[in-house]
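These notes are about the structure you will find just below.
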2 protein chains.
Amino acid sequence: MAEGSGPPGGQALLFLTDEQLRTGIEAMFFAYRGFTADPDRILAEKDYGRAHHRALHFIHRSHGTTVNNLLSILGVTKQSLNRVLRTLIEDGLVESRVGTVDKRERHLFLTETGAALERELSDAQRDRMRAAYRAAGPAAVAGFRQVLEAMMDEDMRRHYLALRDRERG
Amino acid sequence: MAEGSGPPGGQALLFLTDEQLRTGIEAMFFAYRGFTADPDRILAEKDYGRAHHRALHFIHRSHGTTVNNLLSILGVTKQSLNRVLRTLIEDGLVESRVGTVDKRERHLFLTETGAALERELSDAQRDRMRAAYRAAGPAAVAGFRQVLEAMMDEDMRRHYLALRDRERG
DNA sequence: CAAGATACGTCAGCCTTGTTGACATTACCA
DNA sequence: TGGTAATGTCAACAAGGCTGACGTATCTTG
């Protein structure tokens with residue numbers, strides 16, 4: 001599949017060789033470590049983990065989301081999420097309000113302290129992201145997002161697009 | 001930092017707004033799930049985990065690498081790597097040969113069975129990667145890699161570039 | 001050559017975060 | 001009113017990180 005009697009397209013499809021794909025895989029691996037490194041350092045100091053960060057992020061992003069919706073965004077079991085959510089609520093970072101239209105539902109909100117931690121974490125993560133974006137330039141950023149979007153599972157893409165389309169920019 | 005009395009550059013730096021950066025963060029999160037989903041399914045059947053996949057991948061990529069080098073690529077402790085490596089060796093997927101020039105070192109190689117599993121895993125992962133690359137096109141792929149490279153920690157980038165520059169394509 | 005450093009393996013224990021299975025409560029809905 | 005849905009919780013388990021400590025070869029250097 002790689003060299004030699006190449007596929008129709010030849011030079012034009014060079015970015016699809018196994019070598020190129022493998023390098024892309026490694027880029028994802030190494031970049032993801034960088035992506036999580038800064039928030040991880042902050043979280044470690046405060047005895048929280050990456051799971052707490054994810055919950056804070058998406059609750060911030062969707063004020064008043066329900067537990068079920070959060071579960072489906074995060075793609076974990078409710079037992080797993082609950083463990084994290086419980087500590088966040090106990091520690092006063094997240095507030096859970098009974099639904100008004102459907103009282104079985106709980107709507108999740110960040111408290112002031114929760115919002116402060118979320119901001120600290122996402123500031124750190126955005127700083128790196130901003131540096132990377134700036135270094136690569138707008139055209140590269142557009143490509144970056146196109147490839148990532150194409151890489152998602154269908155379900156995740158639905159969630160992603162719903163969030164993405166809130167962008168005002 | 002976002003709208004209003006914008007920074008110098010205005011429209012030209014729109015891709016650096018907090019909203020855009022946040023969406024990039026979410027893209028990384030959702031895409032990484034897709035990125036690992038296919039190999040994870042295969043691994044689950046065979047009672048291996050993502051950690052085994054990573055070891056197989058990098059041993060394949062650098063035949064005869066030493067344990068120390070692998071440690072520094074993976075960025076985990078030797079105890080953590082050893083647990084994984086031990087099972088791979090016991091199961092006959094990896095071979096560990098005493099170094100010839102420095103007998104303290106162990107050089108790691110995939111056996112035929114190890115190479116077969118590595119191929120199965122990376123085929124699955126590459127299939128998704130290929131589909132994403134094809135959907136996005138060569139320009140997007142170039143941008144994708146630029147941003148990821150800029151996102152890495154310095155140490156990881158060194159490892160990445162060393163591997164990347166083996167590309168023959 | 002002796003002493004220290006290096007490469008590796010391993011034991012033990014701990015943590016986070018994922019899983020399954022089971023069960024209870026409350027609330028909606030047909 | 002009975003079934004289903006949304007949530008919370010208990011228990012047990014596994015993967016894969018971590019630290020700390022120790023042992024054994026094997027280099028390397030004074």
Note: B:Glu118-B:Arg61 ion pair, threshold 4.0 Å (strictly below): no

Show which side-chain atoms of residues 73-82 of chain A pair as donor or acceptor with protein atoms under 3.5 Å away, not counting sequence neighbours.
{"from": "A:Thr77", "atom 1": "OG1", "to": "A:Ser80", "atom 2": "N", "distance (Å)": "3.3"}
{"from": "A:Asn82", "atom 1": "OD1", "to": "A:Arg86", "atom 2": "NH2", "distance (Å)": "3.3"}

Between A:Arg50 and A:Asp40, is there a side-chain N and carboxylate O pair less than 4.0 Å apart? yes

Nearest heavy-atom contact between B:Ser72 and B:Met156 is O-CE, 3.5 Å

With B:Arg54 as the cation and A:Phe29 as the aromatic partner, state whether NZ or CZ is under 6.0 Å from the six-membered ring centre and within 45° of the axis. no

Under the salt bridge (Lys or Arg N to Asp or Glu O under 4.0 Å) test, residues paired with A:Glu112 that sit two or more places apart: none

Is the phosphate of D:dT7, meaning OP1 or OP2, less than 4.0 Å from a side-chain N or O of A:Asn68? yes

Does the distance from a Lys or Arg side-chain N to an Asp or Glu carboxylate O, for A:Arg126 and B:Asp18, drop under 4.0 Å? yes

Using side chain to side chain donor-acceptor pair (under 3.5 Å) as the criterion, list what pairs up with A:Asp155, not counting sequence neighbours. none

Can you find a heavy atom in the side chain of A:Leu85 that is under 4.5 Å from one in the side chain of A:Ile59? yes

Could you list the residues that satisfy side chain to side chain donor-acceptor pair (under 3.5 Å) with A:Glu105, not counting sequence neighbours? none

If the condition is side chain to side chain donor-acceptor pair (under 3.5 Å), which residues does A:His57 pass it with, not counting sequence neighbours? B:Glu26

Strictly under 3.5 Å: I want the nitrogen or oxygen pairs between protein and nucleotides 27-29 of chain D, one per line.
{"from": "D:dC27", "atom 1": "OP1", "to": "B:Lys103", "atom 2": "N", "distance (Å)": "2.8"}

Thinking salt bridges, do B:Glu19 and B:Arg22 make one under a 4.0 Å N-O criterion? no

Near DNA chain D, which residues from residues 40-58 of chain A have a heavy atom under 4.0 Å away? none

May I ask you to list the residues of residues 78-88 of chain A, by number, that have any heavy atom positioned under 4.0 Å from an atom of DNA chain C? A:Gln79, A:Ser80, A:Arg83

The criterion is ring-ring contact (aromatic ring centres under 6.0 Å, His included); which residues satisfy it with A:Tyr32, sequence neighbours excluded? A:Phe35, B:Tyr32

Is the distance from the ring center of A:Tyr160 to that of A:Phe58 below 6.0 Å? no

Of all nucleotides in DNA chain C that come within under 4.0 Å of a heavy atom of chain B, which is furthest toward the 5' end and which toward the 3' end? C:dT6 to C:dC11

Going by side chain to side chain donor-acceptor pair (under 3.5 Å), name the residues that satisfy it together with A:Ser96, two or more places apart in sequence or in a different chain. none

Residues within residues 26-38 of chain B bordering DNA chain C, heavy-atom distance below 4.0 Å: none

